[in-house]
Amino acid sequence: MTTVRGRFAPSPTGSLHLGNARTALLAWLHARSVGGRFILRVEDIDGPRVVPEAVAGNLRELRWLGLDWDEGPDVGGPVGPYRQSERSAFYDAALERLGESGRIFECFLSRTDLRGAASAPHGQGPIYGAAERERNRAVSSEKRGHKEPALRFSVGAGPVRFTDLVLGPQTVDLADAVGDLVVRRADGLWAYQLAVVVDDGAMGVTHVVRGADLLPSTAGQLALFDALGLPRPVYAHVPLLLDASGER
Ligand code: GLU
């Protein structure tokens, strides 16, 4: 039997809030309850939003909660580094691999260009479909050479199916729900979607326990796992902590 490998992957944009702490506790409990290993990965690729003090701060907060991890930025481990800011070589390699399969394209459309597009749920931005691809084709020759493109992954047709350990069977038509995914932004930053898949894959993560706010990202991530030939982890999306008025 393969050993369970769980993880918690905070973005160090400030102190952990109660919801993060609860998710960390559940992910840790899951791994520990089955004798698995627990990995701590710091998701500090979103340069402008990262608060440097929060990297060490988040680890301190988790230790204060009584959690421990077998692999992480402070304790090392066999599949590090455990900070995304130090893992660009892995993302480059994945991008190259996806490019070879013909599923990466340059996108010159700006946020303003995309304003008219339908919106994907949960702040994932506009749905990038046939109309957007067409508009991109129309502007690319004029913009190439003057403007850095974002790189997108073509999600293709057909539904993505998976069974969430908490929410049960899920079927998502990626093209309808989100469309082609940004994997590298026009400003050169890696997109969360690519980094999280490459890292969960390279770190051998078998179980992802995380907040239900990330459920809408999962199908796209699975499409990336498949395209990269990486084994899919099992997901458990746990309900968010809400106050009496339903706010996070
Ligand atoms: N870094 C992400 C966040 O803090 C979590 C990523 C994940 O669990 O997949 O929202």
Side-chain angles (χ1 to χ4, degrees), residues 4-31 36-52 54-59 61-62 65 67 69 71-73 79 81-87 90-91 94 121-125 160 162 164-167 170 172 178 181-183 185 189-225 228 230-242 248:
V4 162
R5 289 174 64 79
R7 51 75 156 175
F8 181 63
S11 300
T13 53
S15 297
L16 287 186
H17 52 72
L18 199 54
N20 295 141
R22 206 264 310 239
T23 302
L25 176 60
L26 290 172
W28 176 85
L29 261 178
H30 173 263
R37 285 177 69 85
F38 193 58
I39 303 166
L40 203 285
R41 180 174 73 234
V42 173
E43 304 212 313
D44 57 346
I45 40 165
D46 190 350
R49 294 183 56 229
V50 168
V51 176
V55 175
N58 286 177
L59 301 191
E61 288 153 359
L62 292 166
L65 259 182
L67 307 190
W69 41 92
E71 300 171 30
V79 288
Y82 294 90
R83 284 179 67 158
Q84 289 190 327
S85 56
E86 296 167 8
R87 296 183 59 81
F90 291 86
Y91 312 141
H122 304 272
Q124 291 199 108
V160 175
F162 63 100
D164 188 272
L165 284 185
V166 177
L167 302 169
Q170 308 284 319
V172 181
V178 264
L181 298 172
V182 174
V183 289
R185 295 167 19 170
L189 291 182
W190 295 104
Y192 154 70
Q193 307 290 1
L194 180 75
V196 78
V197 167
V198 169
D199 291 347
D200 282 338
M203 294 179 179
V205 169
T206 60
H207 289 72
V208 173
V209 178
R210 62 184 182 188
D213 54 327
L214 289 165
L215 181 68
S217 293
T218 306
Q221 291 174 12
L222 288 173
L224 284 167
F225 273 104
L228 287 165
L230 296 168
R232 295 174 166 198
V234 172
Y235 290 86
H237 287 91
V238 299
L240 300 180
L241 269 189
L242 304 176
R248 287 168 73 174

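Both counts, for ligands and for their atoms, begin at 1 and track the order of listing. Only heavy atoms go into these numbers, but all of them, side chains included; no hydrogens, no water, no symmetry mates.
At a heavy-atom distance under 4.0 Å, no atom of Val208 approaches ligand 1. Only the side chain of Tyr192 comes within contact range of ligand 1, with a heavy atom under 4.0 Å; no backbone atom does. Of the heavy atoms in Gln193, none comes closer than 4.0 Å to ligand 1.
Each of the atoms 7 (C), 8 (O), 9 (O) of ligand 1 lies under 4.0 Å from some heavy atom of Arg7. Ligand-side atoms of ligand 1 in range of Arg210: 7 (C), 8 (O), 9 (O), range being under 4.0 angstrom from any heavy atom. Per-residue contacts place Val196 under 4.0 angstrom from the following atoms of ligand 1 (heavy atoms of the residue considered): 9 (O).
For atom 5 (C) of ligand 1, the closest non-hydrogen atom on the protein side is Ala9 O, 3.5 Å. For atom 6 (C) of ligand 1, the nearest protein heavy atom (residue, atom name, distance) is Glu43 OE1, 3.2 Å. Considering only non-hydrogen protein atoms, atom 4 (O) of ligand 1 sits nearest to Ser11 OG, 3.3 Å.
Heavy atoms of Gln221 stay at 4.0 angstrom or farther from ligand 1.
Taking every heavy atom of both residues into account, Val238 and Thr23 meet most closely at CG2-OG1, 4.2 Å. Ile45 approaches Ala195 most closely through the heavy-atom pair CD1-CB, 3.6 Å. Smallest separation of non-hydrogen atoms from Arg41 and Pro10: O-CD, 3.2 Å.
In this structure, Glu71 CD and Met203 CE are separated by 8.0 Å, a value rounded to the nearest 0.5 Å.
Ion pairing between a basic and an acidic side chain is recognised when a charged N comes within 4.0 Å of a carboxylate O; Arg7 and Asp199 show no such pairing.
Annotation: Leu214 places no N or O atom under 3.5 Å from an N or O atom of ligand 1; distance criterion only.
Of the options Leu167, Asp213, Val208, Val209, a side chain to side chain contact (heavy atoms under 4.5 Å, CB included) to His237 is made by Leu167 and by none of the others. Partner of Tyr192 under the side-chain hydrogen bond (donor to acceptor under 3.5 Å, both in side chains) criterion, chosen from Gln221, Gln84, Glu43: Gln221.
Between Tyr235 and Phe162, the ring planes are perpendicular. Angles over 60° get that label, and only those under 30° would be called parallel.
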